[in-house]
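Comments concern the structure below.
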Amino acid sequence: MAEVAVLGAGFIGLSCAYWLIRDGHRVTLFDPQGPGEATSYGNAGTFANYACIPVNNPDVFRNLPRFLFSSTSPLRIRWGYMPQLAPWLARFMLSATQNRYEHSARALASILSRAFEGYREMLATSTLASFVRQRECLYLYSNSGSFKAAQPSLDLRRSLGVKFDTFDRDGIRQLEPNLAPIFEHGTMFSDSWFLADPRGFLQALHESMVTQGLRHERVAINTIEPQANGVRLIDATGSTHAAEHVIVCTGALSKQFARQCGDRVPLDTERGYHVQFPGTTDLLSRPCGWSERGFYMTPMTGGIRAAGTVELGGYGPRKNPALLNLLTTSAREALPGLPQPDSTWLGFRPSLPDGLPVIGSSRASRRVIYAFGHQHLGVTLGGVTGSVVADLVAGRTPPLDLSPYSASRF
């Protein structure tokens, strides 16, 4: 069995570690933070097996003025970041043609169809299963025009095997009576579910793997150097480490490692937000997404979490008060029983212009394997990504074609 280094302790990294340990490898996790403390901490917690529709669809051209200039738009751009963003944005627009959009949708549907298999064994344990809430996700539309405009994407989902039911205003009220009567249509996706505490889930998974021999080095890796019989790692203190294989799961920070291995991946950052309302968990029974506002409300252990929106603006700790205010006011408009939030959060999603992750070997060496760029699907695709990575390390043929996710596609 091999010595394997996994960079990153989020959903992707810990899922990779799980499957590698399952195969008997000796795994060292490198992350200066604890499990689930970075971007994986603040998500909406949804297992979104239906999310095969990339953001870069042909409607983006028609909707761009509204996205950029409406006060209720869930998309914002930090204009000072535009010089760095422009190459990524150009690729994003080029990926929004009908053919490329449908290609990305098919590729997402292919891996999403296997998403639950990546978690089946994990969730057979009572500790991890205790975080799962078996309630489907409900997507809401506050006007008929938006629902009508969504029909082509719903038809595409259906053609790709996604199952869902639709509801009118009365049906929504029966499902979630505490919602304000402002939603005219709803779509509920079959076999979806959510985690009541995403970070708690990862902490429990981490703890179970430590008992099986997982080592966690709380230091950041700055450099990876593929060599003939392994990979040399240099951490932030200048110390070196050796591994036979390295798995890059560092999310929005993965671009530097890809470049060190000869792959120029156009990775950028989506700044995502959440606000949390304490003592409100019982107001909803399931995640509810407001289509026009671009966010979910999820009943978590600490209260309802309103999570979503996208700000294209790179790294940096300064939160955008306009987006936090949009999340707060929109959530309270949708769910009038909400108080003021007691906490806010900013995280950094890894975003690629075609909406697909990067999964597979690097250009420089098969010993360096990429598993990053999952955007809004880190929770959903963590398990299956980990199983695919374990297949690559073991020399097995993965159960799906990895060419759509290869770094060489750029």
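For the atom pair CG (Leu94) and CG (Asn56), the distance works out to 10.5 Å, reported to the nearest 0.5 Å. If you take CG on Leu267 and CG on Leu253, they are separated by 9.0 Å, rounding to the nearest 0.5 Å. For the atom pair OG1 (Thr309) and CZ (Arg293), the distance works out to 12.5 Å, reported to the nearest 0.5 Å. Atom OG in Ser192 sits 13.0 Å away from atom NZ in Lys163 (nearest 0.5 Å). To the nearest 0.5 angstrom, Leu312 atom CG is 5.5 Å from Ile77 atom CD1. Once rounded to the nearest 0.5 Å, the distance linking CG of Asn143 with NE2 of His185 reads 8.5 Å.
For Asp31 against His216, the heavy-atom pair with the smallest separation is O-NE2, 2.9 Å. Across every non-hydrogen atom of Gly303 and Gln276, the tightest pair is N-NE2, 4.0 Å. The heavy-atom pair separating Glu136 from Asp191 by the smallest distance is CG-N, 4.1 Å. Between Pro317 and Leu346 the shortest heavy-atom distance is O-CD2, 3.9 Å. When every heavy atom of Asp197 is checked against every heavy atom of Phe131, the shortest pair comes out as O-CD2, 3.7 Å. The two residues Gly118 and Trp19 come nearest to each other via the heavy atoms O-NE1, 3.3 Å.
Aromatic ring orientation, Trp193 versus Phe47: parallel (interplanar angle below 30°, classes split at 30° and 60°). Between Phe189 and Tyr50, the two ring planes are parallel [angle under 30°; tilted spans 30° to 60°]. Using cut-offs of 30° and 60° for the angle between ring planes, the Trp345 and His274 rings count as parallel. Relative ring orientation between Phe92 and Trp88 is described as parallel, the plane-to-plane angle staying below 30° on a 0-90° scale split at 30° and 60°.
Within 6.0 Å of the CZ atom in Arg264, the count of heavy atoms belonging to other residues, nucleotides or ligands does not exceed 12. Atom NZ of Lys319 has more than 12 neighbouring heavy atoms from other residues, nucleotides or ligands inside a 6.0 Å radius. Remark: Gln134 CD is packed, more than 12 non-hydrogen atoms of other residues, nucleotides or ligands lying under 6.0 Å away. Heavy-atom contacts from other residues, nucleotides or ligands closer than 6.0 Å to CG of Asp168 number more than 12.
The ring-ring contact (aromatic ring centres under 6.0 Å, His included) test with Phe183 is passed by exactly one of Phe147, Trp290, Phe167, Tyr139: Trp290.
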Original post:
Can you check side-chain contact (heavy atoms from CB on, under 4.5 Å) on Tyr273 and Asn320, steps first, answer last?
Top reply: CA-CA 9 Å; Tyr273 293 83; Asn320 186 332; 3.3 Å; yes
**OP:** Take Ser40 and Leu202 through the side-chain contact (heavy atoms from CB on, under 4.5 Å) test and state the conclusion after the steps.
**Re:** CA-CA 9 Å; Ser40 288; Leu202 290 181; 3.7 Å; yes
**OP:** Check the pair Met209 / Leu14 against side-chain contact (heavy atoms from CB on, under 4.5 Å), numbers first and verdict last.
**Re:** CA-CA 9 Å; Met209 289 190 292; Leu14 287 177; 3.7 Å; yes
**OP:** Would you sort out whether Tyr405 and Val388 count as a side-chain contact (heavy atoms from CB on, under 4.5 Å), showing the intermediate values?
**Re:** CA-CA 12 Å; Tyr405 324 107; Val388 167; over 6 Å; no
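Side chains of Met122 and Ser15 form a contact here, defined as non-hydrogen atoms less than 4.5 Å apart. Between Lys255 and Asp268, the closest side-chain pair of non-hydrogen atoms is not below 4.5 Å. Ile182 is not listed as a side-chain neighbour of Leu140, based on a closest heavy-atom distance of 4.5 Å or more. Taking 4.5 Å as the limit, every side-chain heavy atom of Glu207 sits out of range of all side-chain heavy atoms of Val210. Within the 4.5 Å cutoff, the side chain of Leu156 has heavy atoms near those of the Tyr101 side chain. The closest side-chain heavy-atom distance from Phe257 to Ile221 is below 4.5 Å. Between Leu323 and Arg271, every side-chain heavy-atom pair lies at or beyond the 4.5 Å cut-off. Side-chain contact between Pro266 and Pro87: absent, with no pair of heavy atoms (C-beta onward) separated by less than 4.5 Å.
A donor-acceptor pair is defined here as one N or O able to donate and one able to accept, closer than 3.5 Å; such a pair exists between the side chain of Gln260 and the backbone of Ile224. No donor-acceptor pair under 3.5 Å is formed between the side chain of Ser110 and the backbone N or O of Arg106. Listed for the Thr39 side chain is no donor-acceptor partner under 3.5 Å among the backbone atoms of Gly347. Formation of a donor-acceptor pair under 3.5 Å by the Arg366 side chain with backbone atoms of Arg363 is not found in this model. At distances below 3.5 Å, not a single donor-acceptor pair connects side-chain atoms of Asp23 with backbone N or O atoms of His25. Without hydrogens or angle criteria, Arg349 side chain to Val310 main chain gives no donor-acceptor distance under 3.5 Å. In this structure, Thr298 contributes its side chain and Ala44 its backbone to a donor-acceptor pair below 3.5 Å. Under a 3.5 Å cut-off, the side chain of Thr281 and the backbone N or O of Met300 do form a donor-acceptor pair. Between the side chain of Arg232 and the backbone N or O of Gln227, no donor-acceptor pair lies under 3.5 Å. The backbone N or O of Leu283 sits less than 3.5 Å from a side-chain atom of Asn178, completing a donor-acceptor pair.
If you check the side chains of Ser403 and Asp401, you find a donor sitting under 3.5 Å from an acceptor. Using a 3.5 Å distance cut-off with no hydrogens or angles, the side chains of Thr28 and Glu217 do not pair a donor with an acceptor. Side chains of Gln98 and Glu102: a donor on one and an acceptor on the other come within 3.5 Å. Ser406 and Ser408 form a side-chain donor-acceptor contact under 3.5 Å, judged by distance and modelled atom types alone. A donor-acceptor contact closer than 3.5 angstrom links the side chains of Ser285 and Glu176.
Note that Arg305 lies in the cation-pi zone of Tyr41, set by a 6.0 Å cut-off to the ring centre and a 45° limit from the axis.
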Distance-only check: which donor-acceptor pairs under 3.5 Å involve side-chain atoms of residues 374-386, not counting sequence neighbours?
residue: His374; atom: NE2; partner: Thr385; partner atom: OG1; Å: 3.0
residue: Gln375; atom: OE1; partner: Leu352; partner atom: N; Å: 3.2
residue: His376; atom: NE2; partner: Glu270; partner atom: OE1; Å: 2.7
residue: Thr380; atom: OG1; partner: Thr46; partner atom: O; Å: 3.4
residue: Thr380; atom: OG1; partner: Ala48; partner atom: N; Å: 2.8
residue: Thr385; atom: OG1; partner: Leu381; partner atom: O; Å: 2.7

Just distance, no hydrogens or angles: give the donor-acceptor pairs under 3.5 Å from side chains in residues 2-9, sequence neighbours left out.
residue: Glu3; atom: OE1; partner: Arg215; partner atom: NH2; Å: 3.1
residue: Glu3; atom: OE2; partner: Arg26; partner atom: NE; Å: 2.8

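For the salt bridge (Lys or Arg N to Asp or Glu O under 4.0 Å) condition, no pair includes a residue of residues 367-384, sequence neighbours left out.
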